[in-house]
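Notes follow the structure.
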Amino acid sequence: MSRVFSLFGLLDWSLLIGVVTLTSMGLVAIYGIGISQDPAQLFPFYKQLVAAGIGFIVMTLLTILDYRHVRSLSVVLYLAGATLLLLVAIFGQTVNGTRGWFHVAGLSFQPVEIGKLTLVAYLAALLARSGRGQLSWKLFGLSGAATAIYAALVMLQPDFGSTMVMCATWGILCLFKGLPKRAWIILPLVLLIGTSLLWSFGLKPYQRARITTFLHPSEDLRGASYNAAQARIAIGSGGLFGKGIGEGSQARLRFLPEAATDFMFAVLGEEWGFVGVVVILSLFGLILWRYIAIAHGSGDDFATLLLIGLGGILFVHVTVNTGMNLGVMPVTGIPLPFLSAAASYMTVTFVSVGCAESVAVRRRGSTESMGA
């Protein structure tokens with residue numbers, strides 16, 4: 001028991017404070033959206049509160065457990081994630097045009113959020129084989145094939161946003177390790193061919209519409225461009241300090257669809273203003289910085305790659321979500337970490353934080369201070 005308490009004394013408190021603060025801000029914002037409705041709709045708030053509570057418990061357990069077990073189980077985790085993605089594509093429930101949900105005993109979750117973590121765990125273990133050297137073509141190809149299998153399974157749903165997150169995270173890991181020679185020549189060709197095939201055969205009509213309206217935002221303002229246009233209006237109307245919690249007209253009057261999920265950033269921009277947005281983005285910057293700092297000080301190639309990959313997922317989510325709210329990226333349905341009302345993603349994100357804290361308490365120098 002004393003060893004457990006000593007582990008918690010070595011926590012990365014900056015990371016934990018950033019996570020707790022963002023989670024609290026998200027809960028307040030979701031509550032504000034709920035009470036602004038007539039009648040009040042607080043189920044999303046209670047659901048998010050339960051997800052946050054479960055997330056904290058899972059994060060605590062993972063902090064106590066040694067992250068190095070993940071490396072030995074990486075192949076099993078990869079196969080389990082692939083199996084879940086295949087099963088949900090066949091037997092899952094369809095929500096907003098995507099067959100990506102399992103509903104069990106009144107609860108629902110998205111296996112793709114688990115798949116993002118299992119893919120990163122496998123890629124970290126695979127790429128760690130090269131030590132501190134540059135990637136070989138063999139490892140580059142194997143890691144790309146592993147990512148492509150997951151991407152293909154996710155596109156069966158289809159979920160273009162999550163596919164993009166997985167591919168981008170693989171790219172971040174490869175860039176971090178160092179690409180093989182002449183990969184800069186081959187990758188653009190692969191990207192061009194893959195994009196062409198995806199556009200022709202992989203995207204549904206409504207997904208193509210999201211991209212075309214992003215390229216031509218002034219067209220179809222009452223149709224495909226409506227959500228993005230309302231999000232920009234909400235952010236622009238927030239001013240310096242915002243209108244106050246629950247006072248955002250776009251969410252309260254339901255002009256802004258999916259206010260608590262996809263467009264939470266727009267709600268925060270309207271209700272909390274420019275100052276609130278700066279605080280939120282600064283907290284995300286703090287969290288990502290702590291991921292990088294823990295990875296740098298771990299003294300373990302696997303731990304470093306694991307945290308770069310997990311941090312990469314957070315970075316892509318924040319970038320894409322804020323980008324689509326600001327109108328500089330297509331709308332994809334990617335939730336904002338710790339803030340959007342997305343219970344599955346909330347819990348999985350706490351798994352990511354738990355892995356980071358597990359590395360933090362065991363990084364180089366920590367074991368010596370514990371007398372290990």
Side-chain angles (χ1 to χ4, degrees), residues 26 30 33-34 37 41-55 58 77-120 147-167 198 201-211 224 226-227 254 256-264 313 316-317 320-321 324 330-352:
I30 295 170
I33 294 171
Q37 306 300 313
Q41 298 178 9
L42 293 178
F43 177 74
F45 167 76
Y46 293 127
K47 184 177 179 181
Q48 187 81 342
L49 185 62
V50 171
I54 295 173
V58 173
L77 291 173
Y78 179 86
L79 294 175
T83 301
L84 281 175
L85 292 175
L86 179 60
L87 290 176
V88 77
I90 300 173
F91 303 109
Q93 300 294 315
T94 301
V95 177
N96 294 330
T98 299
R99 188 187 293 272
W101 298 80
F102 279 136
H103 293 281
V104 180
L107 301 175
S108 60
F109 73 98
Q110 286 181 285
V112 69
E113 303 300 350
I114 299 174
K116 293 172 187 175
L117 298 189
T118 57
L119 176 62
V120 165
T147 304
I149 290 172
Y150 263 47
L153 291 172
V154 175
M155 283 307 298
L156 290 175
Q157 299 181 15
D159 186 346
F160 173 68
S162 293
T163 301
M164 180 175 61
V165 172
M166 290 180 174
C167 293
L198 182 64
F201 306 106
L203 297 181
K204 297 291 185 181
Y206 73 90
Q207 292 172 319
R208 294 196 194 97
R210 289 176 175 178
I211 296 175
Y226 178 80
N227 291 1
R254 302 186 184 181
L256 183 62
E258 309 297 338
T261 52
D262 297 352
F263 294 99
M264 174 57 79
I313 293 175
V316 175
H317 268 261
V320 172
N321 185 276
M324 74 183 193
V331 176
T332 57
I334 294 295
L336 192 59
F338 308 110
L339 295 171
S340 292
S344 298
Y345 183 62
M346 169 69 80
T347 305
V348 168
T349 305
F350 274 104
V351 172
S352 171

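The chain is numbered in sequence order, starting from 1.
Of all heavy-atom pairs between Asp159 and Val112, the closest is OD2-CG1, 4.0 Å. Gln110 approaches Trp101 most closely through the heavy-atom pair CD-CZ2, 3.4 Å. The shortest non-hydrogen separation linking Glu113 to Tyr345 is OE1-CD1, 3.2 Å. Of all heavy-atom pairs between Gly55 and Phe350, the closest is O-CB, 3.3 Å.
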As a quick check of understanding, evaluate side-chain contact (heavy atoms from CB on, under 4.5 Å) for Val154 and Phe160, giving each step before the final call. CA-CA 8 Å; Val154 175; Phe160 173 68; over 6 Å; no
Check: residues 44-51 side-chain donor-acceptor pairs under 3.5 Å, at least two apart:
residue	atom	partner	partner atom	Å
Gln48	OE1	Ala342	N	3.4
Gln48	NE2	Ser340	O	2.7

Donor-acceptor contacts under 3.5 Å from residues 78-94 side chains, at least two apart:
residue	atom	partner	partner atom	Å
Tyr78	OH	Ala146	O	2.8
Thr83	OG1	Leu79	O	2.8

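Residues meeting the side chain to side chain donor-acceptor pair (under 3.5 Å) test with Thr349, sequence neighbours left out: none. Under the side-chain contact (heavy atoms from CB on, under 4.5 Å) criterion, Val165 pairs with Lys116, Thr169, Ile313, Val316, His317, Ile334, sequence neighbours left out.
Atoms OG and CG, from Ser162 and Leu153 in turn, are 12.5 Å apart once rounded to the nearest 0.5 Å.
Here the side chain of Thr98 pairs a donor or acceptor atom with the backbone of Pro158 at under 3.5 angstrom. Listed for the Thr118 side chain is a donor-acceptor partner under 3.5 Å among the backbone atoms of Gly115.
No donor-acceptor contact under 3.5 angstrom links the side chains of Tyr150 and Thr163, judged on distance only.
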